[in-house]
Amino acid sequence: MNMKQALYFKTIARYGTITAAAKQLYISQPAVSKAISNLEESIGIALFVRNSRGVALTEEGTILYDYIERALDNIVKGEESLKKYNELGIGHIRIGVSTSLCKH
C-alpha cells in the first residue's frame, strides 16, 4: 500500500461514494476506483461492499480504516511539529562543563 492508496481509501470511507471522494481529491473517479481495486487485489481482501448508492466498509475495511486514520493523522502531526520547530527555532542546546564546575 502506498500513501496515495491510503488517502484514497480514507476519503472513500469518509464520503461513502467513489465519486464524492474523487471530487474531494480533485482527481477522476476512474483513477480512484482503479487505485482501490489495485489495493484490494494486492492485499487479497475486499475492503468495500459496493451497491447502487455507494460503498460501505467491510469488517476488514473497518479494521484497516482505523489504522490508516491514525497513520495519516500522525503524519499531519509530524508535519505540524516540524513547522513549529522551524518557525520557533526550537532545538537542543548542549553545554559542556567540567565536573568540578558542576559541583559549585
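- The shortest non-hydrogen separation linking T17 to G54 is CG2-CA, 3.9 Å.
- Residue A6 comes nearest to I68 through the heavy atom pair O-CG2, 3.6 Å, listed as atom of the first residue, atom of the second, then distance.
- Counting only residues at least two apart or on different chains, the salt bridge (charged side-chain N to carboxylate O under 4.0 Å, His left out) pairs with a member in residues 20-40 are E40-R50.
- Applying the side chain to side chain contact (heavy atoms under 4.5 Å, CB included) test to R53 and every residue at least two apart in sequence or in another chain returns N51.
- Put simply, L39 and I45 are part of the same group of oily side chains (I, L, V, M, F, W, Y) that touch within less than 4.5 Å, one to the next.
- For S28, the side chain to side chain contact (heavy atoms under 4.5 Å, CB included) test picks out P30, A31, with sequence neighbours left out.
- Judged as a ring-ring contact (aromatic ring centres under 6.0 Å, His included), the pairs with a partner in residues 36-82 (not counting sequence neighbours) are, in order, F9-F48.
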Checking side chain to side chain contact (heavy atoms under 4.5 Å, CB included) for the pair Q5/I36: CA distance, chi angles, key distance, verdict? CA-CA 7 Å; Q5 289 173 323; I36 294 303; 5.5 Å; no

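- If you chain together hydrophobic residues whose side chains sit under 4.5 Å apart, V49 and I43 never meet in one group.
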Does V55 form a side chain to side chain contact (heavy atoms under 4.5 Å, CB included) with I12? I'd like the steps, not just the answer. CA-CA 8 Å; V55 297; I12 292 168; 3.5 Å; yes

List the steps, then state whether side chain to side chain contact (heavy atoms under 4.5 Å, CB included) holds for Y8 with I18. CA-CA 9 Å; Y8 292 0; I18 294 173; over 6 Å; no

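- Taking each heavy atom of L7 and L72 in turn, the nearest pair found is CA-CD1, 4.1 Å.
- Identified under the salt bridge (charged side-chain N to carboxylate O under 4.0 Å, His left out) test for residues 57-78, with sequence neighbours left out: K10-D73.
- Following chains of ILVMFWY side-chain contacts shorter than 4.5 Å, one can reach M1 starting from L47, so the two form part of one hydrophobic cluster.
- Judged as a side chain to side chain contact (heavy atoms under 4.5 Å, CB included), and not counting sequence neighbours, the contacts of Q24 are T11, Y15.
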